[in-house]
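First comes the structure, then the notes that go with it.
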Amino acid sequence: MSISRRNFLAMGGFGALAAATLTAPLSSISAQSAPVLDGSKLKPYLLAFTRPPFLAPYRTGINPLDGKPQNFYRITQQAAVASLVPGLKTRILGYNGIFPGPTISINQGTHAVVTMRNQLPQAHPDFGTPLATSTHLHGSASLPQYDGYASDTTLPGFRKDYRYPNFQPARTLWYHDHGVHYTAQNAYSGLVAMYQIHDPVERALLPQGEFDVPLMVSDIQLRADGNPYYDDRGHSGLWGDINLVNGVPWPVMKVKRRIYRFRVLVCGISRAFKFRLSTGEPLTVVATDGGLTPRAIPVGQYRHANSERYEVLIDFSRYRAGQRVELQNLPLDNNTEYGNTRRVMAFDVTDDAFDRNDPTALRLPTVLANSEPMTLTRAMAKTTRRLRVERQNGEWKINGKSWADVIASNFQWAVANPGVNDVEIWEIENKSGGWFHPLHIHLVDFHIISRNGQRAFSYEEGPKDVMYVGENETVQAIMRFTPHKGRYMVHCHNLPHEDHDMMLQFRVGLKEGEADPNDPITSARPVWDAPAA
C-alpha cells in the first residue's frame with residue numbers, strides 16, 4: 001500500500017520513516033469471516049475485581065518557572081499479552097504493557113513531566129494498522145504541543161516529553177492514544193489509563209484511599225483464539241459482547257458496609273451505558289468530568305457516554321452482610337445488545353471492620369463546591385456558535401467539514417476563533433439519524449445549559465468536557481476559552497467516528513497563519529529513543 005498525502009501529512013511529515021510505517025499491507029479490519037468468541041456464553045461474576053496500579057515518579061524536583069513541585073514519570077507503550085478471559089491469552093497494546101495502564105495520582109499544583117516512549121511494533125499485530133501514537137491527557141488544560149493533537153504523532157522507536165500543569169481543581173482525567181485515523185484501534189487494544197488530580201477540598205469531602213475506587217468500563221469482542229476482533233460496521237461503531245471493568249470481565253468486588261466513591265470512566269470506543277443499581281437505591285453523583293458538582297445529586301439511573309467521567313457514591317451501609325448488589329446497564333438506542341450486555345459488575349457486602357471516625361464513611365455530603373464554568377451566564381457570552389454533526393457520503397462531519405479539510409489547509413483552517421478569556425455558547429445539533437455523538441472540546445470545561453430547549457439532566461449539573469448529544473438532540477454549553485492561546489481539537493468520542501473523520505480544530509487568540517510558538521506539531525517534536533534493553 002503506497003502512502004497517501006493525507007496519511008503522510010497526518011503522520012507529521014516524517015518522510016521515509018513515516019512511509020516505512022505505512023508500506024505494509026493493512027489486514028482487513030472488518031474481517032466478517034473471522035471466528036468470534038461468543039461472549040454471551042461466558043458466565044459473569046466469576047473473577048475478582050482489580051485496580052490498576054499507581055505509577056510512582058522516578059524523580060521529583062522543582063519547576064524552574066514557578067518554583068512549584070514537579071514529578072517525572074516514564075511510560076512505555078508496548079505490545080503485550082493479557083489474560084482477559086480465563087483459559088485464553090489476548091494480545092494487547094499497553095502503557096507499561098498492562099491494560100488498563102498505570103494510574104497517575106498527583107496533587108493540584110504539582111507539575112508532571114511524562115516521558116512517553118513508543119516501543120510498539122511498526123504495525124498492529126492483529127489489524128496491521130500503523131502504530132504512530134499521540135497521547136492525550138483528557139481533561140487537562142495543557143499547552144497545544146502537549147495536548148495530544150491528533151496529527152502530532154510519535155513513531156515507533158521515538159519518545160516525547162509531555163508537560164502537564166495540574167493547576168485545575170481536583171478531577172478524574174484519563175490518558176489515551178489520540179493518533180490520527182487509528183485512535184479507535186489503539187484505544188480498543190488497551191492504550192487507556194486513569195489520571196487523578198487531588199486538592200484539599202475534594203480530600204475533605206469525599207472518600208480516599210481504599211474507598212476511592214476507579215471503574216474503567218469498556219467492552220470488547222474476541223476471536224476464538226482470544227485475540228481482539230475489530231469490526232466497526234462501516235465506521236459506525238463497535239459494540240463488544242464482553243463488558244470489562246479495569247480489564248476484567250464482569251468482576252466481583254468485596255465492599256464494607258460504608259460509603260464508597262467510584263470514579264466511573266467509560267473508556268470503550270463506542271458503547272454508551274445507562275447505569276443503575278439492582279436494588280433500585282440511588283447513585284449519588286458528586287463530580288463530573290471537570291471536578292466537583294455544586295451539590296450532591298442522587299439519581300436512580302443515568303446515561304454515560306464514551307470518555308465521560310462521573311464520580312458517584314454508593315452507601316453500602318444500607319445492605320446486610322452477605323448481600324450482592326449489581327451495577328447494571330440499561331439498554332440505549334443504537335447500542336447493540338448481547339446476552340450479558342446488561343451486567344457490568346457485582347458488589348458483595350461484607351461485615352469487615354472500617355474506621356467509623358472517618359467523616360466520609362457513613363454520611364453522604366449535600367453541598368460540595370462550585371466551579372468557574374458553573375458561574376457563567378448567557379449574558380457573558382460574546383457569541384453563540386452552531387455546530388451540526390452528521391454523516392455525508394460515508395464520512396462523519398461537523399458543519400460539513402472534517403479533519404481532512406484541516407490537513408488540506410496545512411492545519412490552519414478552524415471552525416471557531418475565540419479570544420483568550422472569551423465566553424461563548426456552543427450549540428451542537430445532531431440530526432444524523434441513528435447515532436449519538438459524545439462531543440469532546442479540548443482545553444475547556446463547560447456547563448451544559450440546555451438540552452432540546454429544556455434544562456440539562458440533573459446529573460450533568462457540573463463542569464464537563466464531553467457532552468452526550470443523543471439522537472435528534474440539540475445541546476447548548478457555555479464555556480470560557482482559557483488559559484492558553486493556540487489550536488485545539490473538537491471531535492466525537494465514538495472513536496470510529498473521530499477516525500473517519502469527525503474532528504475539527506479551533507483557534508484561541510490566534511489568527512489564521514499567525515506564527516505560533518506553541519504549534520502542536522512542530523514545537524515539541526519527538527526524539528529518537530533507543531529500544532529498551
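Just so you know, these numbers use all the heavy atoms, side chains as well, and skip hydrogens, waters and symmetry mates.
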Does the separation of the ring centres of Trp174 and His176 fall below 6.0 angstrom? yes
Holding to salt bridge (Lys or Arg N to Asp or Glu O under 4.0 Å), I want the full list of residues that pass it with Arg163, two or more places apart in sequence or in another chain. none
Gln328 and Arg342: side-chain donor and acceptor closer than 3.5 Å? no
Tell me whether Asp289 contacts the main-chain N or O of Asp465 through its side chain, where contact means a donor paired with an acceptor under 3.5 Å. yes
Residues that Ser523 engages under side chain to side chain donor-acceptor pair (under 3.5 Å), provided they are two or more places apart: none
Do Phe446 and Trp426 make a side-chain contact, defined as non-hydrogen atoms from C-beta onward lying under 4.5 Å apart? no
Close aromatic pair by centroid cut-off 6.0 Å: His491 and His497: no
OG1 of Thr90 to CG of Asp225, rounded to nearest 0.5 Å, is 8.5 Å
Regarding Thr474 and Asn452, do their side chains bring together a donor and an acceptor under 3.5 Å, going by distance alone? no
Qualifying salt bridge (Lys or Arg N to Asp or Glu O under 4.0 Å) pairs with a residue from residues 89-99, counting only residues at least two apart or across chains: Arg91-Asp126
Side chains of Val420 and Pro483, heavy atoms from C-beta outward: is any pair under 4.5 Å? no
Roughly how far, to the nearest 0.5 Å, is CG of Leu93 from CZ of Phe99? 11.0 Å
Output every pair passing salt bridge (Lys or Arg N to Asp or Glu O under 4.0 Å) with a member in residues 236-247, not counting sequence neighbours, ordered by first then second residue. none
Hey, is CZ on Arg385 packed in by over 12 heavy atoms from elsewhere, all under 6.0 Å? yes
Side chains of Glu498 and Trp403 in contact at under 4.5 Å (non-hydrogen atoms): no
Glu461 side chain near His447 side chain, heavy-atom distance below 4.5 Å: yes
Ring pair (Phe, Tyr, Trp, His ring centres under 6.0 Å) involving Phe436 - partner list, sequence neighbours excluded: Tyr468
What's the separation between atom CD1 in Ile428 and atom CD1 in Ile398, rounded to the nearest 0.5 Å? 7.5 Å
Which of His138, His440, His442 passes ring pair (Phe, Tyr, Trp, His ring centres under 6.0 Å) with His178? It is His442
Counterpart residues, ring pair (Phe, Tyr, Trp, His ring centres under 6.0 Å), relative to Phe275 (two or more places apart): Phe273, Tyr302, His304
Over all heavy atoms of both residues, which pair between Ser307 and Val466 is shortest? Give the atoms and the distance, please. OG-CG2, 3.2 Å
Taking the side chain as every heavy atom from C-beta outward, state whether His136 and Met489 have any pair of such atoms under 4.5 Å apart. no
Salt-bridge present (Lys160, Asp529; N to O < 4.0 Å): no
Residue list, side-chain contact (heavy atoms from CB on, under 4.5 Å) with Asn340, at least two apart or on another chain: Pro44, Trp250, Arg343
With ring centroids as reference points, do Phe481 and Tyr488 lie under 6.0 angstrom apart? no
Verdict with reasoning, Tyr95 to Tyr175, per ring pair (Phe, Tyr, Trp, His ring centres under 6.0 Å): CA-CA 10 Å; Tyr95 294 116; Tyr175 59 99; 4.9 Å; yes
Any Pro144 side-chain heavy atom under 4.5 Å of Arg487 side chain: no
Show me the pairs that pass salt bridge (Lys or Arg N to Asp or Glu O under 4.0 Å) and involve residues 430-450, at least two apart or across chains. Arg171-Asp445
Donor-acceptor contact below 3.5 Å, side chain Ser409 vs main chain Val406: yes
Atom CZ in Arg309, atom OG1 in Thr288: separation rounded to 0.5 Å? 8.5 Å
Applying side chain to side chain donor-acceptor pair (under 3.5 Å) between Glu308 and each of Lys464, Arg303, His493, report the one that passes. Lys464
Got a salt bridge between Arg507 and Glu514, using NZ or NE/NH1/NH2 to carboxylate O under 4.0 Å? no
Over all heavy atoms of both residues, which pair between Ser142 and Tyr164 is shortest? Give the atoms and the distance, please. OG-CD2, 3.4 Å
With no hydrogens and no angle check, do the side chains of Asn494 and Ser270 hold a donor and an acceptor under 3.5 Å apart? yes
For the CG atom of Asn306 and the SG atom of Cys267, what is their distance to the nearest 0.5 Å? 9.5 Å
Residue list, ring pair (Phe, Tyr, Trp, His ring centres under 6.0 Å) with Tyr73, at least two apart or on another chain: none
Residues that Asp219 engages under side-chain contact (heavy atoms from CB on, under 4.5 Å), provided they are two or more places apart: Trp239, Asn243, Arg271
How long is the straight-line distance from OG1 of Thr341 back to CD1 of Ile242, given to the nearest 0.5 Å? 10.5 Å
Quick one: side-chain contact (heavy atoms from CB on, under 4.5 Å) partners of His235, sequence neighbours excluded? Asp232, Arg391, Trp396, His500
The criterion is side-chain contact (heavy atoms from CB on, under 4.5 Å); which residues satisfy it with Arg388, sequence neighbours excluded? Glu390, Asn399, Glu429
So does Phe158 get a backbone contact from the side chain of Asn118, meaning a donor-acceptor N/O pair under 3.5 Å? no
